[in-house]
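Since the structure comes first, as structure tokens, the remarks are kept for the end.
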Amino acid sequence: MDYTRKGARWIACLAVALGALGMLGAGRAQAASLSLDAGGSVAITNDASHTVYHLTEAQLLALPTHSITTSTTWTGRSTFTGPSLADILKLVGAKGSEIEVHTLDDYTETIPVSDCDRYGVIVAYSMNGKRLKVSDFGPLFLIYPRDAFPSELSGAAADSKFVWQIKGLIVR
Ligand SMILES: Nc1nc2c(c(=O)[nH]1)N[C@H]1C(S)=C(S)[C@@H](COP(=O)(O)O)O[C@H]1N2
Ligand SMILES: [Mo]
């Protein structure tokens, strides 16, 4: 018996197995699972302290999808897809005129609810058919039809509305 060769083969097998596990782990870490907390002036809550309604990935994916094809300051002309902000607000029974959008990187931007009607704003979870990674504007990215309203939605002030890494909404 050649124990040295057998040992080497065993180590090679182990390395392949560990490599596969590592890739699985990385894949799962990258796959941005979707969730969104809606708080403030909402009609329904489902958390212990009755302050927010936590939308699960399944709920977000079950909402009708809308697509906006536009360029942004960070991305070339692409098709973004996800539920409309209006449908999310309807689902939680939002009663207010402004929405504070909160992100994983602790950025906050306040947008008027009237943007829903005016621009058909969507909360995108995919770009060109691929789910957005946290490292690439995911898991949720507020998208406005910039190319359709260039004068209103271009420039530094408008850029602040394109909020990525969204984790929650507070209705005011
Ligand atoms: N998640 C997240 N989205 C964000 C921001 C942020 O800090 N975090 N900054 C906003 C603001 S104020 C502007 S002007 C642009 C900034 O884009 P930049 O970081 O490429 O300059 O993105 C907007 N979206
Ligand atoms: Mo900004």
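All ligand and atom numbering here is 1-based and tracks the order in the structure. Residue numbers count from 1 along this sequence.
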message: Return the closest protein heavy atom for atom 18 (P) of ligand 1 as residue, atom name and distance.
response: Trp74 NE1, 3.6 Å
- request: Please determine if Arg172 and Glu100 form a salt bridge, counting it only when a charged side-chain N lies under 4.0 Å from a carboxylate O.
  value: yes
field: Heavy atoms from other residues, nucleotides or ligands near NZ of Lys95 exceed 12 (cutoff 6.0 Å)
entry: yes
- request: Look at atom 13 (C) of ligand 1 and say which protein heavy atom is nearest, naming residue and atom and giving the distance to 0.1 Å.
  value: Ser160 CA, 3.8 Å
field: atom 3 (N) of ligand 1: any protein heavy atom closer than 4.0 Å
entry: yes
query: Any side-chain donor-acceptor pair under 3.5 Å between Thr81 and Ser67?
result: yes
query: What protein heavy atom sits nearest atom 8 (N) of ligand 1, and how far off is it?
result: Asp105 OD2, 2.8 Å
- line: So the atoms of ligand 1 within less than 4.0 Å of a heavy atom of Thr103 turn out to be 1 (N)
field: Salt-bridge present (Glu57, Arg131; N to O < 4.0 Å)
entry: yes
- request: Can you sort out which atoms of ligand 1 are near Phe162, meaning under 4.0 Å from one of its heavy atoms?
  value: 23 (C), 24 (N)
query: Which protein non-hydrogen atom lies closest to atom 6 (C) of ligand 1, naming both residue and atom, and how far is it?
result: Tyr107 CG, 3.3 Å
- prompt: Would one find an N or O of Gln165, backbone or side chain, under 3.5 Å from an N or O of ligand 1?
  reply: no
query: What protein heavy atom sits nearest atom 19 (O) of ligand 1, and how far away is it?
result: Trp164 CH2, 4.1 Å
- request: Determine, using ring centers only, whether Phe149 and Tyr119 are less than 6.0 Å apart.
  value: yes
task: Please examine the side chains of Asp115 and Tyr144, heavy atoms only from C-beta on, and report whether any two atoms are closer than 4.5 Å.
output: yes
- request: Taking only Lys NZ, Arg NE, NH1 and NH2, and the carboxylate oxygens of Asp or Glu, determine whether Glu152 and Arg146 approach each other closer than 4.0 Å.
  value: no
